[in-house]
Amino acid sequence: RDKVGPRDVVLLVDAYDVLLTPSALGIAPRFRALGRPLVFAAERTLWPDAALEPHYPPPPPPSFTNATAATGTMGTTGTALPGGGAGESEAYPPRFLNSGTVVGEGWAVRLMLGRLQRMGALTRCGPDDQRGFHKFFLENPELCALDYRGELFATLHFLTKPMHVHPGGHVLVGRAPSRDESLALADGAGEAEG
């Protein structure tokens, strides 16, 4: 815990359904380019609390770019990163948090985990830790963003586009493989078997 510096990049992932690729080694500069201290994967489904949907901002239009996000001209919600990539369709784009893949600066991750810990046993509200991450995300729009375009993460739940794997292990969803655009992680959002 004490070895993580405030500006270190910390990656939190689910234990059993996340695929790390060689691109994960270069996640720090890609994460920093998104302009927020915490970035979560985005997915199409809102789990476990569908009632939170009215509290989520709409996904940004496809014309938004990372440069738009970094300059602060992101629109009125303040929580949106540019949208469109990992398995998205324009009619049904990912717009909800998936806590299976999170990247952040050390200070922000420590703050988030401390607040989650103070919420008490997350299982009191059901058997899903994602509930606490939704709460933190919605209460801290100045700190958090979603990876709407799938530039860091791909949530494979309800995937509608093909997933490509480069011979070197780089993964890309929904467009022709390119080493520069390859994903760092893919989250299967599946059930544990065994």
Side-chain angles (χ1 to χ4, degrees), residues 1-44 47 56-57 59-60 64-70 72 74 77-88 94-117 129-130 132-157 163 169-174 179-189:
R1 176 180 174 184
D2 295 330
K3 294 182 181 186
V4 175
R7 298 272 302 146
D8 288 348
V9 175
V10 177
L11 184 62
L12 303 175
V13 299
D14 279 350
Y16 69 90
D17 64 351
V18 173
L19 169 68
L20 294 170
T21 72
S23 295
L25 297 173
I27 199 169
R30 293 165 64 191
F31 154 70
R32 291 197 190 286
L34 296 177
R36 290 289 169 77
L38 287 166
V39 177
F40 295 85
E43 68 179 351
R44 288 185 176 84
W47 178 262
Y56 264 80
F64 273 31
T65 66
N66 280 338
T68 305
M74 295 168 43
T77 66
T79 59
L81 282 183
E88 120 173 2
R95 63 177 277 229
F96 304 112
L97 174 145
N98 179 312
S99 63
T101 47
V102 183
V103 63
E105 292 185 357
W107 71 268
V109 170
R110 189 169 283 156
L111 174 75
M112 175 184 67
L113 294 177
R115 288 190 186 164
L116 290 173
Q117 186 176 27
D129 65 337
Q130 189 154 291
F133 288 99
H134 283 296
K135 181 175 173 52
F136 183 85
F137 172 80
L138 292 170
E139 290 178 353
N140 297 280
E142 72 286 356
L143 299 178
C144 302
L146 298 180
D147 181 19
Y148 290 112
R149 288 196 77 86
E151 295 175 21
L152 302 174
F153 311 124
T155 302
L156 304 180
H157 191 67
M163 182 172 82
H170 297 282
V171 177
L172 193 65
V173 177
R179 184 173 173 91
D180 292 338
E181 294 182 322
S182 56
L183 293 166
L185 301 107
D187 182 351

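Along the sequence shown, residues carry numbers from 1.
Residues forming a side-chain contact (heavy atoms from CB on, under 4.5 Å) with V109 (at least two apart in sequence, or on another chain): V10, L12, L38, L113. With sequence neighbours left out, F31 forms a side-chain contact (heavy atoms from CB on, under 4.5 Å) with V9, V39, V103, E105, L152. Looking at residues two or more places apart in sequence or on another chain, you find no ring-ring contact (aromatic ring centres under 6.0 Å, His included) involving F136.
Listed here is the closest heavy atom pair of V4 and G106: CG1-CA, 3.9 Å. Nearest heavy-atom pair, K3 versus D8, reported as atom, atom and distance to 0.1 Å: O-OD2, 3.8 Å. Taking all atoms of both residues into account, the shortest heavy-atom contact from E151 to L34 is OE1-CD2, 3.9 Å. Residues P37 and W107 approach most closely at CB-CZ2, 3.6 Å, considering heavy atoms. Residues S99 and F40 come closest through the heavy atom pair CA-CD2, 4.4 Å.
Counting only heavy atoms from C-beta outward, the side chains of L146 and L97 approach each other to under 4.5 Å. In this structure, W47 and Q130 have side chains that are in contact, with non-hydrogen atoms separated by less than 4.5 Å.
Judged purely by atom type and a 3.5 angstrom limit, N140 has no side-chain atom pairing as donor or acceptor with the backbone of E142. Of the possible polar contacts, none joining the R95 side chain to the P59 backbone as a donor-acceptor pair under 3.5 Å is found.
The line from CG of D147 to OG1 of T101 is 8.0 Å long, rounded to the nearest 0.5 Å. In this structure, SG on C144 lies 12.0 Å from NE2 on H134, to the nearest 0.5 angstrom. Atom CZ of R32 is separated from atom CD1 of I27 by 11.5 Å, given to the nearest 0.5 angstrom.
Taking the six-membered ring for Trp and the full ring otherwise, F137 and Y56 have centroids separated by under 6.0 Å.
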